[in-house]
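So the structure is just underneath, and the comments pick up after that.
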Amino acid sequence: MMADDWQDESGYLPIGDHGLIGDLRTVALVGTNGTIDWYCCPRFDSPSVFASLLDAGKGGSFELTADTQARTKQFYFPDTNVLITRFFAEDGVGEIQDFMPIPEDPREADRHRVIRRVSCVRGTLPFRARIAPRFDYARQSHTVHLDGGRATFESPALTLALTASVPLETDGQDVRAAFKLHEGEYAVFALDRVHAGLESRGCPIAEAEDEFAATVRYWRHWLSASRYRGRWREVVHRSALTLKLLTYAPTGGIVAAPTTSLPEQLYGERNWDYRYVWIRDAAFCVYALLRLGFTEEAEAFMGFLADRVPLDDGGPAGPLQIMYGIDGRRDLPEHELDHLAGYRGSAPVRIGNGAAGQLQLDIYGALIDSIYLYNKWGEPIASDRWDQLSTLVDWVCENWDQPDEGIWETRGGRKNFVYSRLMCWVAIERAMRVATQRGLPADMRRWRQCRDAIYRQIMRHGWSDDLQAFVQHFDDDVLDASVLMMPLAKFVSPTDPKWLSTLEALGDGLVSDSLVYRYDPERSPDGLQGPEGTFSICSFWYVEALARAGRLDEARLAFEKMLTYANHLGLYAEEIGHTGEQLGNFPQAITHLALISAAFNLDHALG
């Protein structure tokens, strides 16, 4: 089979057969066949340039592959986000080094350069390339101008320039190249954004070598700040590098995932756009990065909140939205792109996210917990920020006792979710800690009364005598993996009899191997059709809960099993399917932060 024929008969690689490169403003997904099949420019949430991941026929791609029968393997250059795809053929071995430089000059950063260095490391290999952009989610046409080793793709909204060290030819819409390399020879392709203030420039082989070295230095220097020295250093650092790739440097926002509409179930309707800043996910990321010693990223997210999220601006769902644009915008209208078929025909393809207007009370706990941790491990909270935080806590005290859509963004109506109440308790409790530690002014009597009322309500109405477990929502008998956060948030002791009983019930009802379902949609209708895979974040929560309960052998085995469900690069999508395949948007930030937390706490428990 040819090197690019590892995809199935539908023309799609498995979701997990991809690596990620980026420049802290956007990313590109590179398949194990050497094809870039997802790339948005100039930002994470910009319209796509390459989107064959969502429509193999119409979406557009940047193919680069050995033009002969070959096996492929993919790995990251050690301790970096430089991706290497290798081709093993009868006549030789070749590789592609894919990366996006991270320039210090803001003007050069606006180029969003994608560099693809091709080399033959043994023998002789023929290669071929096809660069086929389809601008604005394949809705805008473009023209191609070819001038020697440079091709310019111009659309109404975006212009890209391709420079190459090998001859190019065009058929009027796409650009192609065919070339042969002998051992030790290189070829270079560089794709740049250009506009009136940013001229096109070439990328000769020597310059590409310099850019490669600079990019390696950048990532290794960044990673050197990590304080983690535990048992799972390599996978923890890969997760940290991934979280950094999902950070939008100009604002400090962290996207939940860099993709949209990758299905949680093939041919289902659970396809969502995750290219936004979820308050919950980003706050948890701050926790994970702080534990590793990356205080600058935590400070940048606090800056995002301070500059772009007014905490005293009450909207219809309270002073906080559950998500924001990477620039802080609140309006994220959701609509479907009917002209795209979807991954393996799994429509709909959605852009925007209608859940932005939902009421999810748990985000207040996630946010205030991250501020508490930043105050503890980073910088002390400023006085004006404390006033805003106090306003948030007062709002929680007034509004915690109401139904909401919950952490899983259900579309089946509001309910009294136990997890939402738990995180309201966290919001008040953590604010009380900060006030006490710093001697800051607070209505402690009111806060304490509300905190204790939430605790008693959860104990009374969030517990099922029939299941002998804490449940999904009040006065019902439905299990939900989100309650795994109870001991992690220090709401209950990890050895409390009620908690140990809950852990047993979750293990019996929602755990399959080491994998954890978030809930059973048949028993708890969520307004959407069809089943789903197991949620990887819940699986790592389960590991941590086992470890905190003293069940260390089980926790370690479950963690090691979870590592086998990662893709070949150590990356995770949102969910794991029935046969171990990655499902949902990829890679997902919150899964990687849960891995970091589980590894950190399990390693500590093992001693």
Side-chain angles (χ1 to χ4, degrees), residues 15-16 232 235-236 238-240 242-243 246 254-259 262 264 270 272 274 277-289 291 322-323 355 360 362-363 365-366 369-370 406-410 417 419-420 422-423 426 472 479-489 503 506-507 510-519 526 532-548 555 558-559 561-567 570-577 580 582-602:
I15 291 171
W232 297 283
V235 294
V236 165
R238 177 50 51 199
S239 289
T242 303
L243 292 177
L246 301 182
I254 303 170
V255 296
T259 55
L262 292 179
E264 298 174 19
R270 301 173 188 270
W272 313 111
Y274 277 12
V277 181
W278 264 254
I279 291 294
R280 173 194 310 111
D281 297 34
F284 283 162
C285 282
V286 168
Y287 163 78
L289 292 170
R291 295 307 297 263
I322 69 167
M323 73 181 88
Q360 295 180 20
D362 69 282
I363 63 174
D369 191 41
S370 71
I407 181 176
W408 306 129
E409 294 172 11
T410 58
F417 288 101
Y419 182 78
S420 298
L422 164 70
M423 295 307 287
V426 168
Q472 184 180 67
L479 293 171
D480 191 306
S482 64
V483 302
L484 286 164
M485 279 294 294
M486 282 183 158
L488 280 57
L503 196 55
L506 292 170
L510 294 181
V511 177
S512 172
D513 194 31
S514 64
L515 302 173
V516 181
Y517 292 94
R518 54 183 181 170
Y519 57 89
D526 55 13
E532 59 184 11
T534 58
F535 256 62
S536 294
I537 183 176
C538 299
S539 302
F540 287 118
W541 285 350
Y542 183 61
V543 169
E544 194 165 341
L546 288 171
R548 289 173 184 261
F559 186 76
K561 284 183 176 180
M562 272 305 298
L563 297 184
T564 70
Y565 287 108
N567 84 338
L571 305 180
Y572 291 86
E574 184 176 21
E575 301 183 20
I576 304 295
Q582 305 281 339
L583 292 174
N585 285 306
F586 173 89
Q588 192 196 34
I590 200 169
T591 298
H592 285 277
L593 69 92
L595 182 155
I596 291 171
S597 181
F600 190 95
N601 287 288
L602 178 57

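What you see is a predicted model, and the numbers here were worked out from it, not measured in a lab.
Taking both residues in full, the closest heavy atoms of Pro587 and Pro258 are given as O-CD, 3.3 Å, listed atom of the first, atom of the second, then distance. Residue Ala366 comes nearest to Phe284 through the heavy atom pair CB-CE2, 4.1 Å, listed as atom of the first residue, atom of the second, then distance. Nearest heavy-atom pair across Val426 and Gly365 is CG1-O, 3.7 Å. Taking both residues in full, the closest heavy atoms of Ala573 and Gly584 are given as CB-O, 3.8 Å, listed atom of the first, atom of the second, then distance. Here the closest heavy-atom approach between residue Ser420 and residue Gly406 is recorded as OG-CA, 3.8 Å. The shortest non-hydrogen separation linking Arg518 to Cys538 is CB-SG, 4.0 Å.
Counting only heavy atoms from C-beta outward, the side chains of Ser536 and Met562 approach each other to under 4.5 Å. Put simply, the side chain of Val543 does not reach to within 4.5 Å of the side chain of Asn601, judged on heavy atoms. Side-chain contact between Leu506 and Val483: present, with at least one pair of heavy atoms (C-beta onward) separated by less than 4.5 Å. Annotation: side chain of Trp278 is not in contact with side chain of Ile590 (no heavy-atom distance under 4.5 Å). Side-chain contact between Leu488 and Trp541 is present, with at least one heavy-atom pair separated by less than 4.5 Å. Side-chain contact check for Leu503 versus Tyr542: some heavy-atom pair is nearer than 4.5 Å. At least one side-chain heavy atom of Tyr565 sits less than 4.5 Å from a side-chain heavy atom of Leu515. Using a 4.5 Å heavy-atom cutoff, the side chains of Asp513 and Thr534 are not in contact.
For the 3.5 Å distance criterion, the side chains of Tyr274 and Asp281 fail to qualify, holding no donor opposite an acceptor.
Within the 3.5 Å criterion, the main-chain N or O of Leu571 finds no donor-acceptor partner in the side chain of His592. Distance alone, capped at 3.5 Å, places no donor-acceptor pair between the Thr259 side chain and the Asn585 backbone.
Distance CD/Gln472 to CG/Asp480: 4.5 Å, rounded to 0.5 Å. Here the straight-line distance linking atom CD1 of Ile407 with atom CZ of Arg280 works out to 4.5 Å at 0.5 Å rounding. Taken from CG in Asp362 to CD1 in Ile322, the straight-line distance is 9.0 Å, to the nearest 0.5 Å. Atom OH of Tyr572 and atom OG of Ser539 lie 9.0 Å apart (nearest 0.5 Å). We find the CD-CD distance between Glu574 and Gln582 to be 11.0 Å, quoted to the nearest 0.5 Å. To the nearest 0.5 Å, the span separating CG on Leu510 from CG on Leu479 amounts to 5.0 Å.
Taking the six-membered ring for Trp, Phe417 and Tyr519 have ring centres at least 6.0 Å apart.
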Dump the intermediate steps for side chain to side chain donor-acceptor pair (under 3.5 Å) on Ser597 and Glu544, then the final yes or no. CA-CA 8 Å; Ser597 181; Glu544 194 165 341; 2.8 Å; yes

